[in-house]
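Here is the structure we will look at.
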Amino acid sequence: MELSDIRKKIDAVDDQLLALFLERMDLAEEVAAYKNEHRLPILNKERERAVLAKVTENAGTRERYAYHLFSTLFELARSRQAELIDAPTQVGRQVIASLNAGDQLFPQTGLVACQGIEGGNSQAACDRLFPRGKIVYVKTFEAVASAVESGLCKFGVLPIENSSNGSVRAVYELLQERNLSIVRSTRLCIRHELLALPGVKQEDITEIYSHQQAIGQCSRFLEGLKGVTVIPCDNTAVAAKLVAESGNRHAAAISSHPCAALYGLECLSSAIQNSDNNYTRFVCVTKDPVIYAGANRVSLVIAFENKPGALYEILSKLAALDINLTKLESCPVVGSDFAFIFFLELEADCRDAGVLAMLEEMERSCAQFQFLGSYAEV
């Protein structure tokens, strides 16, 4: 048989499959109507498990492929049912309230809490997010969160991840504990330099100050130094100011080029970060959830039962709607035995009814679910 003849048969089978698929989805909608009327949950795991057992038993040597085919069918049916079910969820209420509150352009000004001092990367992120904003400097990430929670500042800017050194876990913990909402994000290209007082040589340096993240991003450079003590501090700009004010000609700071001019220091070594592709991502947070016009990203924290296929069930919900997953990171739960939470970021628009239905279904099926916000990145 020629290949063209085989393909004609495949086309005929595909036509039958499509017709049967549409018929199956019609039946799924009827199931949704019944569940809606009788207040039944969308997921019926016992029913799905029984069908999958029958399918794998009858599929012979192709049981693995049949299993995945029907698993996908179940996910598509559940996604459609989730769009039709009107059972209230916390994320549904939160998203709708956020959309109603933020159907406008992101503001160019406002009172913004920022960790550190003038010259820091957080300040540069604030300037990019709020070109006419007024910055209130505070000492810690916790103080940024407190300033936003208390109403002292409407916005707060926090670093959330670095391309070389990973996520800033302290910030993710704050987002979970304080119920802050992400409303915007931006990326900065980070270039670190070794700064010291004028006339000081690199061989004179015995102690180096910087933020813990910057220290990690410059680990290779630091490993090549002998007899040098590395001392963490609050911020890279704070490190530069500390060295400038100390008068200590054996001290240096890992900081940025603008801080050299700002605090009267000289560069001993430039571009000392591990990678030239070194970006830090900052998020803007608010107390009240708002989704501004143009939002096309969603951040979540989830946890689910530790069992085979649990993560696949979550990812299949995204695949069913052709949603791109841009971040998936696990984090151990302190005090538990091999329990993890997951940080997810999606390219998705909450104005899409299918996306909102998917989020609601995730909330129903996850042991823990937290919607961190929907926003655009600039």
Side-chain angles (χ1 to χ4, degrees), residues 14 17-52 54-55 65-96 98-99 291 295-305 307-328 342-374:
D14 286 346
L17 284 174
L18 177 59
L20 290 171
F21 171 73
L22 295 175
E23 182 180 350
R24 194 184 195 287
M25 292 298 283
D26 287 340
L27 293 170
E29 293 180 4
E30 291 183 29
V31 170
Y34 183 90
K35 289 180 176 178
N36 221 3
E37 182 181 351
H38 295 83
R39 297 299 175 187
L40 296 175
I42 292 175
L43 178 63
N44 185 338
K45 199 64 181 176
E46 184 179 355
R47 157 82 176 161
E48 290 188 6
R49 191 177 291 112
V51 173
L52 289 172
K54 180 180 178 181
V55 165
Y65 306 103
Y67 182 94
H68 285 293
L69 170 62
F70 276 80
S71 295
T72 302
L73 286 174
F74 289 151
E75 188 56 55
L76 292 170
R78 275 191 262 113
S79 296
R80 179 56 180 152
Q81 288 179 35
E83 294 179 29
L84 302 173
I85 295 281
D86 60 9
T89 62
Q90 182 176 339
V91 68
R93 290 189 292 268
Q94 187 176 347
V95 167
I96 291 170
S98 300
L99 287 169
I291 299 177
N296 57 3
R297 287 174 174 261
V298 172
S299 287
L300 308 169
V301 179
I302 65 171
F304 42 78
E305 187 179 350
K307 63 177 184 179
L311 180 57
Y312 171 79
E313 289 183 9
I314 298 298
L315 298 182
S316 65
K317 298 179 191 301
L318 309 181
L321 292 175
D322 199 27
I323 292 175
N324 186 35
L325 179 67
T326 58
K327 180 184 180 71
L328 173 62
F342 290 82
F343 306 131
L344 275 70
E345 288 184 6
L346 322 172
E347 288 183 348
D349 187 346
C350 286
R351 292 171 178 81
D352 184 331
V355 170
L356 180 54
M358 180 269 297
L359 293 174
E360 291 185 303
E361 179 59 16
M362 286 179 69
E363 181 183 320
R364 294 185 188 104
S365 59
C366 289
Q368 177 183 338
F369 179 92
Q370 187 173 359
F371 178 77
L372 297 181
S374 177

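Bear in mind the structure is a predicted one, so any value in this text is a computation, not a measurement. Below, all heavy atoms of this structure are taken into account, side chains as well, without hydrogens, waters or symmetry copies.
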Side chain T326, main chain E345, donor-acceptor under 3.5 Å: yes
Are the side chain of K35 and the backbone N or O of I42 linked by a donor-acceptor pair below 3.5 Å?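 Side chain of K35 to backbone of I42: a pair is present.
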Students often mix this up, so state it plainly: with edges at 30° and 60°, are the rings of Y34 and H38 parallel, tilted or perpendicular? parallel
Going by the angle between their ring planes, with limits at 30° and 60°, are H68 and Y312 parallel, tilted or perpendicular? perpendicular
Rounded to the nearest 0.5 Å, what's the gap from [atom1] on [X] to [atom2] on [Y]? Could you check?
{"X": "Q90", "Y": "R364", "atom1": "CD", "atom2": "CZ", "answer": "13.0 Å"}
{"X": "S98", "Y": "R93", "atom1": "OG", "atom2": "CZ", "answer": "12.5 Å"}
{"X": "F74", "Y": "N44", "atom1": "CZ", "atom2": "CG", "answer": "10.0 Å"}
{"X": "E48", "Y": "E75", "atom1": "CD", "atom2": "CD", "answer": "8.0 Å"}
{"X": "R297", "Y": "N324", "atom1": "CZ", "atom2": "CG", "answer": "9.0 Å"}
{"X": "M362", "Y": "F304", "atom1": "CE", "atom2": "CZ", "answer": "9.0 Å"}

How close do [X] and [Y] get, counting heavy atoms only, and between which atoms?
{"X": "A77", "Y": "R24", "value": "CB-NH1, 4.0 Å"}
{"X": "C350", "Y": "L356", "value": "O-CB, 4.2 Å"}
{"X": "I291", "Y": "V95", "value": "CD1-O, 4.1 Å"}
{"X": "T89", "Y": "G92", "value": "OG1-N, 3.0 Å"}
{"X": "E363", "Y": "V91", "value": "OE1-N, 2.7 Å"}
{"X": "F369", "Y": "L359", "value": "CZ-O, 3.7 Å"}

Please tell me if the side chains of [X] and [Y] come closer than 4.5 Å, counting only heavy atoms from C-beta onward.
{"X": "V355", "Y": "D349", "answer": "no"}
{"X": "F371", "Y": "L300", "answer": "yes"}
{"X": "R78", "Y": "K317", "answer": "yes"}
{"X": "F342", "Y": "I314", "answer": "no"}
{"X": "D352", "Y": "M358", "answer": "no"}

Does a sphere of radius 6.0 Å around OH in Y67 hold more than 12 heavy atoms from other residues, nucleotides or ligands, not counting ones at 6.0 Å or beyond?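 No - once you tally the heavy atoms of other residues, nucleotides and ligands closer than 6.0 Å, there are 12 at most.
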Counting heavy atoms not belonging to D322, are there more than 12 under 6.0 Å from its CG?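 For D322, atom CG is not crowded (no more than 12 foreign heavy atoms under 6.0 Å).
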Between R49 and E46 (salt bridge meaning N to carboxylate O under 4.0 Å), is one present in this structure?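 Here R49 does not pair with E46 in a salt bridge, since their nearest N and O are not under 4.0 Å apart.
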